[in-house]
2 protein chains.
Amino acid sequence: MLNKIPQAAVPRLSLYYRALLESRGKDYISSEELSKLTNFTAAQVRRDLTYFGQFGTPGKGYAIEGLKKAIVSILGTDKNWDVALVGVGNLGTALLSYRGFEQQGFRVVCAFDSDLRKIGKTLEGIKVQDTTELEAAVKAKNVQIAIVATSAEGAQKVVDILIGSGVKAILNFAPIRPHVPPSVNLLNIDLSIELERLAYFLTKSSG
Amino acid sequence: MLNKIPQAAVPRLSLYYRALLESRGKDYISSEELSKLTNFTAAQVRRDLTYFGQFGTPGKGYAIEGLKKAIVSILGTDKNWDVALVGVGNLGTALLSYRGFEQQGFRVVCAFDSDLRKIGKTLEGIKVQDTTELEAAVKAKNVQIAIVATSAEGAQKVVDILIGSGVKAILNFAPIRPHVPPSVNLLNIDLSIELERLAYFLTKSSG
DNA sequence: CGCCCACTGTTAAACATTTCACAAATAGCA
DNA sequence: TGCTATTTGTGAAATGTTTAACAGTGGGCG
Ligand SMILES: NC(=O)c1ccc[n+]([C@@H]2O[C@H](COP(=O)([O-])OP(=O)(O)OC[C@H]3O[C@@H](n4cnc5c(N)ncnc54)[C@H](O)[C@@H]3O)[C@@H](O)[C@H]2O)c1
Ligand SMILES: NC(=O)c1ccc[n+]([C@@H]2O[C@H](COP(=O)([O-])OP(=O)(O)OC[C@H]3O[C@@H](n4cnc5c(N)ncnc54)[C@H](O)[C@@H]3O)[C@@H](O)[C@H]2O)c1
């Protein structure tokens, strides 16, 4: 087993898991079959899986149920994760009402905003709290994952409070790149930049 | 100028542009200063920019206004792009009401849903149309970019219709990987997978 | 029990991207 | 004009990732 895991291998693991979910009724699946289901090469499937351990049986393939258990254990999706949401605007509200996350073990347990018109409202069973209560609430609940869906202006300050409260992983939707220490994992979802990537592709293709 | 541009250089270009916007009041900026503003190395800034041309002046740096113009021209954000939105649910509604895209030259010009309760409603000045009208409307307006925010089940069919209608670039939020021909650029925003990446990080860090 | 087959795990090669280090270029100034 | 300070642009090296090829392993079967 190599000891350096490419960052891109982790989301592929999630996709292999989804493919396994579609493979009901069989006991074993080969890297070739997983390749067809995911559009990654069979070599990459095997390589990716060996980054994390040895799960296959030569001559048979991978035991589907065993591999599923292994992947959820590696990703940590066998546990339940409590999530704090900061910024209950258009996007935050959509995220709050999305039921898909709970199926993966992610549960929004508290939500915060700085706008008095939003504080106190109850959405999807969650009462929106004032951002001044963020630190205390996150510490009390020992929340480790936060979603930031505030305006760009508020985002860095919110991220600082989250880190000070012990949050170790942040999904940020605001169009800035917040500064975080190396011990905190930050993922930025920057939709304007994604659209610009598409515009670049179109511009390049058509002259 | 090398002829192979790393895919990752394109979103970095967007980030350099943002940094330039923050650099008002100066005429020139060095790769070192851009490095500080973006947290990429100065060497990477210079290398990235030379992928697309020669914009700097040795001894002085990059002319800020000129570089801004160059970047928007490369990305295509100097033009206006009409966007079609398919799936006006929680997420689609949030995207529709987001004003930030228009500032970058992206304008949602039509929206579609298959749910009778949504068809005919007007949101943000856009009347939600039946998906059966998708092909005709997209062809008539010559839309090149589409956002897919339907349920997972509907997404592949919607993508097929979009491609048949001439759409060349798609931003997909449904948790599947639609099949598209190589001539179409597809970007997937898969929030469950992003959360799983965070869970992996937390699991790995804490044992 | 031993052979064959199918498929994994892995070594090595190919490919891609980033970093390093410096020659070449320009501005500014005496 | 010639010299110096500065900063670009870019070969070359280092690093990282993917693909290819196959040796080795285990299971099934005669
Ligand atoms: N809505 C979209 O489709 C979309 C698309 C791309 C990017 N974004 C980004 O996502 C973020 C949220 O977008 P939105 O459309 O929901 O915006 P929004 O204005 O509807 O909501 C932002 C919310 O954050 C709250 N907020 C601001 N500062 C805060 C703070 N310090 N603490 C707590 N709450 C605070 C505001 O009160 C508001 O309720 C923005 O940064 C936006 O740029 C959104
Ligand atoms: N809301 C979120 O925060 C969130 C988070 C992660 C992923 N997603 C994904 O984004 C997508 C949209 O999420 P949502 O919360 O808005 O869901 P939603 O159920 O609120 O909205 C989906 C909309 O798509 C429409 N639709 C379904 N099939 C269609 C078709 N064939 N043509 C046109 N419209 C069709 C539905 O009528 C509905 O209005 C889903 O695939 C979801 O898995 C959403």
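Because the structure is predicted, anything quoted here is derived from the model rather than measured. Here is the naming used below: chain letters follow the sequence lines, and residue numbers restart at 1 for every chain. The figures here come from the full heavy-atom set of this structure, side chains too, leaving out hydrogens, waters and symmetry mates.
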Decide, yes or no, whether a salt bridge links Asp82(A) with Arg107(A) under the criterion of side-chain N to carboxylate O below 4.0 Å.
-> yes
Ignoring hydrogens and angles, are the base of dT8(D) and the side chain of Arg47(B) linked by a donor-acceptor pair under 3.5 Å?
-> no
Distance in angstrom units between Asp48(A) CG and dG9(C) C1', rounded | 13 Å
Listed nucleotide nearest any side-chain atom of Tyr51(A), set dG24(D), dT18(D), dT7(D) | dT18(D)
Please list residues of residues 24-44 of chain A whose heavy atoms come under 4.0 Å from any atom in DNA chain C, ordered by number; otherwise none.
-> Ser30(A), Ser31(A)
Please list, chain by chain and in numerical order, all residues satisfying ring pair (Phe, Tyr, Trp, His ring centres under 6.0 Å) with Phe40(A), sequence neighbours excluded.
-> Tyr16(A)
Grab the CG-P distance between Leu49(B) and dT18(C) for me, whole Å please.
-> 14 Å
Closest to the side chain of Thr50(B), out of dG9(D), dG27(D), dG9(C), is dG9(D)
What is the distance from NZ of Lys4(B) to P of dT18(C), rounded to the nearest Å?
-> 11 Å
Glu196(A) side chain to Ser14(B) side chain, donor-acceptor N/O pair below 3.5 angstrom = yes
Any Lys/Arg nitrogen of Glu194(B) or Arg197(B) sitting under 4.0 Å from an Asp/Glu carboxylate oxygen of the other?
-> yes
Residues passing the ring pair (Phe, Tyr, Trp, His ring centres under 6.0 Å) test with Phe112(B), sequence neighbours excluded, are none
CZ of Arg24(A): more than 12 outside heavy atoms within 6.0 angstrom?
-> no
Respond yes when some side-chain nitrogen or oxygen of Gln54(A) is under 4.0 Å from OP1 or OP2 of dT10(C), and no when none is.
-> yes
Looking at the side chain of Arg46(A), which of dG26(D), dT8(D), dG9(C) is the nearest nucleotide?
-> dG9(C)
Using the closest heavy atom to pick a nucleotide of DNA chain D for each, name whichever of Thr57(A) or Pro6(A) lands nearer the 5' end.
-> Pro6(A)
Could you give the CD-to-C1' distance, from Gln7(A) to dA16(C), as a whole number of Å?
-> 17 Å
For Tyr28(B), what residues pass the ring pair (Phe, Tyr, Trp, His ring centres under 6.0 Å) criterion, not counting sequence neighbours?
-> none
Contacting residues from residues 60-73 of chain A, given that a heavy atom lies under 4.0 angstrom of DNA chain C | Lys60(A), Gly61(A), Tyr62(A)
Atom-pair distance (CD1 on Ile5(B); P on dT17(C)), nearest Å = 11 Å
Count the heavy atoms of every other residue, nucleotide or ligand shown that sit under 6.0 Å from NZ of Lys157(B), and state whether that count exceeds 12.
-> no
Select one nucleotide: of dT8(D), dG26(D), dT18(D), the one nearest the side-chain heavy atoms of Ala8(A).
-> dT18(D)
Sorted by chain and residue number, the ring pair (Phe, Tyr, Trp, His ring centres under 6.0 Å) partners of Phe101(A) (sequence neighbours excluded) come out as Tyr98(A)
Quick one: label Gly56(A) by what it contacts on the DNA or RNA (base, sugar-phosphate, nothing), any heavy atom closer than 4.0 Å.
-> sugar-phosphate
